[in-house]
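Written out below as structure tokens is the structure these notes cover.
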Amino acid sequence: MREIPEGRMVARIVETEAYLHDDPAAHSYRGETPRNRSLFLEGGHAYVYVAYGIHRMLNVAAGAHGVGTGVLVRAAEPLEGIELMQARRRTTVPTDLARGPGRLAEAMEITMALDAMDLTRPGPLWLGSIDRPTGEIGISVRIGITKAADLPLRFYERGSRFVSGPRTLNG
DNA sequence: CGGCTGATGATCT
DNA sequence: GATCATCAGCCGG
């Protein structure tokens with residue numbers, strides 16, 4: 001759920017990746033720094049960072065305070081406030097709105113101001129639940145990394161057209 | 001659909 | 001100076 005002055009956006013998460021505390025691919029692997037600080041917060045807090053100088057990535061810290069582990073939110077199915085997402089993404093193609101972490105962040109206006117925010121309570125950005133059945137969950141290796149690239153830590157809803165990645169990974 | 005490449009900036013070496 | 005949890009645009013099949 002995302003609240004901005006212009007209105008409310010709701011999207012259903014359909015793809016995530018886990019980054020573990022002892023995971024060479026995780027930003028927390030070499031210890032806490034100013035950038036990855038919020039990844040070490042209590043589970044449920046946001047970790048937002050800039051990738052490739054352009055895209056913001058939304059993560060949710062997932063461990064106890066002091067443990068650097070979290071979940072990257074990679075894709076979501078737009079449900080409400082779709083016209084707000086279309087305006088931010090400058091396209092009306094449904095699968096181009098939040099399919100991929102950079103697109104998702106742009107569509108829902110995820111800014112660095114949201115870093116370290118508690119997502120378990122209603123606010124500008126938070127995690128709610130939706131009265132809708134969850135599909136079958138597929139598992140694959142993570143996308144776009146070179147370290148620990150063989151671990152099965154990506155999770156997605158099978159059959160959803162809002163999931164990113166090559167089709168061969170989404171069977 | 002798959003493959004390639006430039007953009008662009010924070011972070012680390 | 002290199003790396004990088006990405007994407008848009010362009011090309012060929």
Side-chain angles (χ1 to χ4, degrees), chain A residues 2 9 11-63 67-78 82 84-117 119 125 127 137-171:
Chain A
R2 176 81 171 109
M9 291 180 261
R12 177 174 167 269
I13 297 170
V14 294
E15 180 187 354
T16 63
E17 282 176 359
Y19 287 85
L20 310 181
H21 72 96
D22 57 351
D23 179 353
H27 287 181
S28 56
Y29 190 58
R30 283 156 227 228
E32 189 173 333
T33 68
R35 177 222 208 179
N36 65 24
R37 189 187 87 82
S38 44
L39 198 48
F40 290 81
L41 295 175
E42 182 79 25
H45 289 259
Y47 166 47
V48 182
Y49 74 95
V50 178
Y52 296 96
I54 310 172
H55 309 288
R56 278 166 289 275
M57 304 284 117
L58 171 64
N59 297 251
V60 184
V67 179
T69 185
V71 171
L72 170 68
V73 183
R74 283 195 59 89
E77 174 179 350
I82 291 177
L84 294 174
M85 302 185 200
Q86 291 173 338
R88 275 146 196 77
R89 290 282 302 129
R90 293 175 297 280
T91 176
T92 58
V93 180
T95 52
D96 281 350
L97 295 179
R99 183 172 185 253
R103 291 169 178 159
L104 183 151
E106 184 172 40
M108 300 194 74
E109 205 172 307
I110 305 298
T111 66
M112 290 306 297
L114 298 170
D115 183 45
M117 170 154 281
L119 305 182
L125 179 69
L127 298 164
I137 306 295
I139 303 178
S140 82
V141 296
R142 296 173 290 186
I143 293 176
I145 60 170
T146 55
K147 289 167 277 189
D150 52 342
L151 300 179
L153 292 175
R154 172 173 172 264
F155 307 89
Y156 58 95
E157 182 177 56
R158 266 204 176 112
S160 170
R161 69 184 193 283
F162 300 100
V163 168
S164 76
R167 212 162 242 206
T168 51
L169 271 189
N170 291 336

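FYI, side chains are in, hydrogens and waters are out, and symmetry mates aren't considered; it's all heavy atoms of this structure.
Between the side chains of A:N170 and A:R161, no donor-acceptor pair is found at a separation under 3.5 Å. For the 3.5 Å distance criterion, the side chains of A:R74 and A:S164 qualify, holding a donor opposite an acceptor.
At B:dT11, none of the side-chain N or O atoms of A:T33 fall inside 4.0 Å of OP1 or OP2 (strictly under the cut-off).
A salt bridge between A:R12 and A:E77 is present, with a side-chain N of the basic residue lying under 4.0 Å from a carboxylate O of the acidic one.
With rounding to whole Å, A:R35 atom CZ is found 7 Å from B:dC12 atom P. Between A:R37 atom CZ and B:dT11 atom C1' there is a gap of 17 Å when expressed in whole angstrom units. Atoms CZ (A:R30) and P (B:dA10) sit 20 Å apart, rounded to a whole Å. Rounding to whole angstrom units, NE2 of residue A:H27 and P of C:dT3 are separated by 15 Å. A:N36 has its CG atom 13 Å from the C1' atom of B:dA10, to the nearest Å. A:E15 places its CD atom 15 Å from the P atom of C:dA5, with the value rounded to the nearest Å.
Under a 3.5 Å cut-off, the side chain of A:R89 and the backbone N or O of A:A87 do not form any donor-acceptor pair.
Between atom CG of residue A:L119 and atom CG of residue A:N59 there is a gap of 10.5 Å, rounded to the nearest 0.5 Å.
At a threshold of 4.5 Å between non-hydrogen side-chain atoms, the residues A:E15 and A:I143 count as touching. At least one side-chain heavy atom of A:P94 sits under 4.5 Å from a side-chain heavy atom of A:F162.
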Q: Go ahead and write out DNA chain B as dot-bracket, 5' to 3': ( ) for pairs within the strand, [ ] for ones crossing earlier pairs, | when the partner sits on another strand, dots for unpaired; Watson-Crick or G-U wobble, both distances under 3.5 Å.
A: |||||||.||||.
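A cation-pi arrangement is present between A:R142 and A:Y19, with the terminal nitrogen or guanidinium carbon under 6.0 Å from the aromatic centre and inside a 45° cone about the axis.
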Q | Per-nucleotide protein contact string for nucleotides 6-13 of chain C, where B marks a base within reach and S marks sugar-phosphate only (heavy atoms under 4.0 Å, - for neither) | A | BSS-----
